[in-house]
Every structure is written in C-alpha cells, then in structure tokens.
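Residues: numbered from 1 along the sequence shown. Just so you know, ligand 1 is whichever comes first in the structure, and atom 1 is the first atom listed for that ligand.
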Amino acid sequence: MSSLAVLNASQVITLAGPKRPRIGAELSELEIIRDGGMLVRDGKIERVGPSDEIEKDLGDAEVLDARGRVVMPGFVDAHTHLVFAGNRLEDFERRSRGETYEQIAKAGGGIWSTVEKTRAASEPDLLAQAKKHANWFLRCGTTTVEAKSGYGLTVEDELKILRVMRQLNASCRASDAIRESRIASTAPVRVDAAETEAGPEIVPTFLGAHAVSRGMSPDKYVELVITEMLPRVSAEKLAEFCDVFCERGYFDVDQSRKILSAAKKVGLSVRGHVDQLTNSGGAKLMAEMGATTADHLEQTDEQGIAALKKANVQPVLLPASVYALGLSRYPRAREMIEAGLGVVLATDFNPGSSPTPSMPMVLSLACTQMKMSPAEAVTASTVNAAYSLHRGDKIGSLEPGKLANFVIFDCEDYRELAYWFGMPHTHAVYIRGDRVLDSRER
Ligand code: NIG
Ligand code: FE
C-alpha cells in the first residue's frame, strides 16, 4: 500500500458537488477548505478535509507540506490538437502584419502547411514532438488532455496520429501496472524505460474532417472519411470521439451531419468545431446530433444557445484562439451560464490559431474578456471539462474515490492563477498519486 498525505494547504479547492456538469450559480461553488489536507492511497483520493483532521490519521503515509500553497484538481483540457509536426511561425508573422487566418490559409499557410509537415514526419519523430507538447501541459498544471487528429487527412496519416496518442498513453498504463503489482506484492512488472515517462492522460478524438485533402473534391473526401477512415478508427479502437470543422471553406452543415451520423453508427460520441469564424448554424447542428460538446461558438447567437440547452450539449469555449488570432469577438459566456449550460474552457492548443498549452492563461482570458469569475473559470476547466470527456466520475474534483490527479500551485489564493498572468505558478503535479513534475525540474 502506498499512501500520501498533503497537509496545511492554504486552500484545497475540492469542487465537491453534484455528479454532473455544474450549471448557473453552481459554477461559482468551489467548496474550498482553508488549511486543508488530503489523504491519497494507491493512486486514489481517500479523504479530503481540514488539515488537522487528516493529520490525526496518517498511518504510514508520506507527508507533503503544502503550506502557503493552493491544492487543486489537475486541469482537464477538453480541446487540443496535441499531435502535429513543426510550427507556424510564418503564419504568426503574417498575422502580425495584419493578414487574416483565412487569407493566410489561401496563400499556402494554415492547416494545410501543418498537414504537409505531419505527413512527412515518421511515427517516432511525431511521438517525440508530441511528448514535448505533452510535457508543456504538465508544466501548466494539466493532467488530462483531449487530443484531436486532423493533420494527416489520408487514412494512413490519420491513423499514424491516433497511434501516437495511444503510445503517449502507454506511460500511464505502465505506471498503473507497476502500482498494481505493488498492491498485489508480486514481482514488479517490467516496463520499457521510454514507456514510464510521465505525461498527462490523453483522450483521443478523430478529426479526419479538419480540412479537405488537397487534390480531392469535398464530396469525395467526405466519402473517404466515412467509408474508409471511420471504420478503421473504430475497428482499431483508436478514438472515443469524432469531431468535424464545420465552417465556410471547410465542411458545410450537410457534410458535417453526414460525417457525424456515420461516426455515431460506429460507436463514437461526437463533438464539433462550430460557429468559429461565421455563424453557419453549427450550434443547432450539434444540438440535432446530440453531440457531447459544441466547441468555439464565437459567432453563436441566442437561438444557438437555446438549442444547446434543449439538447444538453456542453459548450467548450476557446478564448486563447480568439486572442492569438488577434480577434475581438469572444463567445457569449455570460449568456451561456445564465441559460444553464455546463460551460467548459479549453486551450485549443494547436500550431495555427492557438499556440498555448496554458490553462492559467485561458482563465485570465475568460475573466478579462468574457467576464467569467475566477471561480467559474476554475469549474469550467476542471469538473465540467471532465464531464465533457465522459470522465466526470473519475477526475475533475478532489473527492473520495476519484483519481489523485492534483496540482500544488505556488500561490495562496486560487484567484491568483488568473490574476498574475503570463507567469508559471505550478509547484508540483501528481497523477494517480505519483509526482510527475515538480518545479525544480522546469
Ligand atoms: O480549432 N478551427 C480549426 N482548427 C483549429 C485550427 C487548426 C490550425 O490552424 O492548425 C482550431 O482553431
Ligand atoms: Fe480546435
């Protein structure tokens, strides 16, 4: 048995509450324990409470003093494009000269330029780059990352990206196997050294419909996604969700509907990039499809918000992409909260429109640009995000029975995460009770 006691935290942000996404005023209820503590056994949370209570019953637990620091659930980033090759520095520079995302894409930059680099990369090379990105997430305090394919756009290249995600997850499984062998006191399981490198848990999403592959008609490409990609992704169990970029110049509402319907038939849940640059009725389509999430929503109006509410779809808001594209129209977060939606915040980490893995930066943008409170932003990036990945029963809050995925931040009050922006706050990160990063390693 391995156990760990975290004591004396200035605040333990538990987010204890109903077993569903938090809505309305619930987003502000963090259930904070001042001078708090937590007992972790075999990778799971056993108790959370006042530090002096936890201290009475330490047993053989290793003690961790969190004096003057905040303890929180690890961030759950529910929308990223983690696996790609290279960067888009040329696009970045062009945007700084005033060109738009769509103009740059037409002129040879954009998603397509990352597709070319990603196709050219070997699987080991792509894995090495993905590990580097995954480590950036840990350093920002994120312990679970949804990751989309979408920079391959051929059957083999899309599968290559999804296999890289599977390999990234192998490290989590390896440390689980070690722990289980310890619990059963059998001989330690032998694992390859490369497999034990710690990283966040990856939740894979198939986004074959991210752009139309060059040289193909849109309809032919949609057919390829439906008849060849989706069956392989499903047969090899490479993804949990299917996503589509529903936007002018990418996939229209009818094409998106076809793809997502086919995805549901092979057992995938669905999400969608909708109403990002234009309001094309994407939010309504997500409602019609019974999607788990509708993401972006910068252009969504009140009818779209009402449709999401009626169908119980969680909105995933991505303010860092609005910021990085130099735009000013952020999604209507306040109206969504008032309408009773289980709002989620995520980074949209990708090399083009949102080159940041930082959830604290997203919290800052949520507060300053979308007028969410720091508490609402924390709920949206932890427990609500966990529900949007179908993991609300395991992660996203610090409650007995959940995985001990938590972060110790170098601040006394959680609001400092959004307030002191642009600087690292992470002191240490734990996944399933194992320390996977501490600030001395940065
Ligand atoms: O979420 N909107 C489409 N996909 C990404 C951008 C990807 C890219 O530019 O490489 C996004 O913003
Ligand atoms: Fe995205």
May I ask you to decide whether [X] forms a salt bridge with [Y], counting only side-chain N to carboxylate O separations under 4.0 Å?
{"X": "R22", "Y": "E376", "value": "no"}
{"X": "E240", "Y": "R391", "value": "yes"}
{"X": "E123", "Y": "R163", "value": "yes"}
{"X": "E298", "Y": "R332", "value": "no"}

Atoms in ligand 1 flagged as close to [X], the criterion being non-hydrogen separation under 4.0 Å:
{"X": "I111", "result": "7 (C), 8 (C), 9 (O), 10 (O)"}
{"X": "D348", "result": "1 (O), 11 (C), 12 (O)"}
{"X": "H81", "result": "1 (O), 4 (N), 5 (C), 11 (C)"}
{"X": "S353", "result": "5 (C), 6 (C), 9 (O), 11 (C), 12 (O)"}
{"X": "R88", "result": "8 (C), 9 (O), 10 (O)"}

Do the ring centers of [X] and [Y] come within less than 6.0 Å of each other?
{"X": "H210", "Y": "Y151", "answer": "yes"}
{"X": "H133", "Y": "F349", "answer": "yes"}
{"X": "H79", "Y": "H81", "answer": "yes"}

What protein heavy atom lies closest to [atom]? Include the residue and the distance to one decimal.
{"atom": "atom 2 (N) of ligand 1", "result": "Q276 OE1, 2.9 Å"}
{"atom": "atom 7 (C) of ligand 1", "result": "Y151 OH, 3.2 Å"}
{"atom": "atom 9 (O) of ligand 1", "result": "Y101 OH, 2.5 Å"}
{"atom": "atom 4 (N) of ligand 1", "result": "H210 NE2, 2.8 Å"}

Determine whether the side chains of T205 and E146 contain a donor N or O and an acceptor N or O closer than 3.5 Å. yes
Is it possible for you to check whether R435 lies under 6.0 Å from the centre of the six-membered ring of Y430, through NZ or CZ, and within 45° of that ring's axis? no
Which atom of [X] approaches the Fe ion (ligand 2) most closely (N/O/S):
{"X": "D348", "answer": "OD1"}
{"X": "H273", "answer": "NE2"}
{"X": "H79", "answer": "NE2"}

Say whether E247 and ligand 1 are in contact under the criterion: heavy-atom distance to a ligand atom below 4.0 Å. no
Which is closest to atom 3 (C) of ligand 1 by heavy-atom distance: F84, W112, F245, F349? F245
Report yes or no: does K402 contribute a side-chain atom to a donor-acceptor pair with the main-chain N or O of I395 at less than 3.5 Å? yes
Using 2.8 Å as a strict upper limit, say whether an N, O or S atom of H81 approaches the Fe ion (ligand 2) that closely.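 Within the cut-off used here (under 2.8 Å), H81 does place an N, O or S atom near the Fe ion (ligand 2).
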